[in-house]
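In what follows, a single structure is set out as structure tokens and then discussed.
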Amino acid sequence: MGRSSKDKRDVYYRLAKEEGWRARSAFKLLQINDDFKIFDGVQKVVDLCAAPGSWSQVLSKKLRGNSSDGETDTKIVAVDLQAMAPIPGVTQIQGDITKKSTAEEIISHFEGEQADLVVCDGAPDVTGLHDIDEYIQAQLLLAALNITTHVLKPGGTFVAKIFRGKDVTLLYSQLKIFFPLVTVYKPRSSRNSSIEAFVVCEKYSPPEGYLPNMSNPLLDQQYDVDFNNLTGPNRIIVPFLACGDLSGFDSDKTYPLSLTTQKEYSYHPPTQGPINPPYKEACYRKKNDLLSKPEVTPRRSINRSSDASNRLSSDMADLNLKS
């Protein structure tokens, strides 16, 4: 098997395969924990939009280590609409995070208790139109927040992906309703060219009398105030933290295949390929020549020499008539 272009340009992609992670996004959660210590004292975790499972892998390795199910009290629940390959110590729920029944199923796996930590690395299939992508991602984030209010215990932590754009201030203000400490964080392993970042929301504290539900208004709030013209104490500046230093790998830089001169590069296949990808049937049809083909109408053959001869005879006849 030949080396792909990603092997040549993405050091975190290569490191993920060499270290056994299912995706390079594993490093993002590891770096978030390095700076915020979100795993400290955690025993019950929910991973929303978990497929293909790299964040669940990190949670299992960091919180459970090599312990078997009977040796630890740590419980990890992964939720996604798509099925994913099993991970030791992780309970999978194939469900919709916008449904209350999914929240109830999560709580049942925790035997009626609530989670210490909820993480969400979900993102839509991007279109390349930033305004649309930012809006859809914001809706996904707030849907994750809705189910989090059902399953997260007071004082818990919520981490989710965000696309930084014009609505980041509104999202920040909505998250501040539930969390007194909200930080927008850019891991070192996230490309500088990407608009993605992560919100790290700490010390969950819902408003007094708040009843969790799945129908909170999302980005439909209307304001009579121009946020761009706020000054003084009324102006909100969203805290932003970029991690890492110059000694680490740069996700936007190209590195040689052999990172060290002492060790020769060897190709590593992906740790876990997709088990039922949407393109599976299309690949099967193409391989077996079963794709539908447009009907092609055969072009009518034309005897050009005969046609030219007929036109010449007609022209000569017209000249004789005129003379």
Side-chain angles (χ1 to χ4, degrees), residues 12 24-42 45-49 54-55 58-59 62-63 115-123 130 133-135 137-149 151-207 210 216 218-219 221 227-228 230 233-246 248 250-252:
Y12 284 104
R24 66 191 298 278
S25 56
F27 293 104
K28 300 173 186 177
L29 184 58
L30 290 168
Q31 290 167 356
I32 290 172
N33 181 60
D34 287 343
D35 280 6
F36 291 90
K37 309 301 179 186
I38 60 174
F39 296 159
D40 289 358
V42 169
V45 193
V46 181
D47 182 10
L48 302 175
C49 306
S54 63
W55 277 28
V58 172
L59 293 170
K62 290 296 182 181
L63 299 178
D116 304 303
L117 171 67
V118 177
V119 298
C120 178
D121 190 33
H130 287 339
D133 293 337
E134 290 164 13
Y135 179 82
Q137 178 64 25
Q139 298 286 10
L140 177 59
L141 185 152
L142 291 169
L145 174 63
N146 280 344
I147 192 171
T148 295
T149 60
V151 303
L152 185 63
K153 74 176 186 180
T157 303
F158 173 58
V159 178
K161 180 180 289 186
I162 185 174
F163 288 170
R164 289 176 294 143
K166 62 185 179 62
D167 287 322
V168 68
T169 302
L170 175 56
L171 286 169
Y172 177 76
S173 65
Q174 289 175 309
L175 292 168
K176 286 284 287 185
I177 296 174
F178 300 94
F179 300 89
L181 186 57
V182 179
T183 306
V184 181
Y185 176 83
K186 180 78 169 175
R188 181 73 172 173
S189 53
S190 177
R191 297 187 183 95
N192 295 331
S193 54
S194 170
I195 60 175
E196 87 166 354
F198 294 86
V199 284
V200 182
C201 309
E202 302 174 86
K203 300 181 180 180
Y204 176 57
S205 179
Y210 173 76
N216 282 322
L218 301 182
L219 293 180
Q221 301 183 19
F227 283 98
N228 294 322
L230 291 178
N234 291 329
R235 185 184 179 195
I236 297 176
I237 300 178
V238 179
F240 179 82
L241 177 64
C243 81
D245 55 31
L246 298 180
D250 188 338
S251 57
D252 287 288

Mutual orientation of the aromatic rings belonging to Y210 and F178 [parallel < 30°, tilted 30-60°, perpendicular > 60°]:
perpendicular
Heavy atoms of K153 and Y204 approach each other most closely as O-CD2, 3.4 Å
Residues Q137 and F163: closest non-hydrogen pair is CB-CD1, 3.5 Å
Nearest 0.5 Å please: distance from the CG atom of L145 over to the CG atom of L140.
11.5 Å
Side-chain heavy-atom pair V46, L152 within 4.5 angstrom cut-off
no
Gap separating the CD1 atom of I195 from the CD1 atom of I162, nearest 0.5 angstrom
10.0 Å
Could you check whether any side-chain heavy atom of I147 comes within less than 4.5 Å of a side-chain heavy atom of V118, counting everything from C-beta outward?
no
Got Y185 and Q31 here, is their nearest side-chain heavy-atom distance under 4.5 Å?
yes
Do F198 and P187 touch side chain to side chain, with heavy atoms closer than 4.5 Å?
yes
Kindly give the heavy-atom pair with the smallest separation between K203 and P180, and that separation in Å.
O-CD, 2.9 Å
Nearest 0.5 Å, please: how far is CD in E196 from CZ in R164?
9.5 Å
Side chains of C120 and L141: closer than 4.5 Å at any heavy-atom pair?
no
Whether the side chain of S190 engages the backbone of K186 through a donor-acceptor N/O pair (distance < 3.5 Å, no angle test) should be reported.
no
dist Y12:OH -> S25:OG (nearest 0.5 Å) comes out at 13.0 Å
Heavy-atom distance under 4.5 Å between the side chains of F39 and L59, does that happen here?
yes
Are I32 and V200 packed together at the side-chain level, in the sense that at least one heavy-atom pair is separated by less than 4.5 angstrom?
yes
Heavy-atom side-chain contact between L30 and K62 under 4.5 Å
yes
Inter-residue atom distance L170.CG - L142.CG, 0.5 Å rounding
8.0 Å
Distance col, row D47:CG vs W55:CH2, nearest 0.5 angstrom, shows 7.5 Å
Which heavy-atom pair separates D116 from G41 by the least distance, and what is that distance?
OD2-O, 4.4 Å
Surrounding NZ of K176 (heavy atoms of other residues, nucleotides or ligands, distance under 6.0 Å), is the total greater than 12?
yes
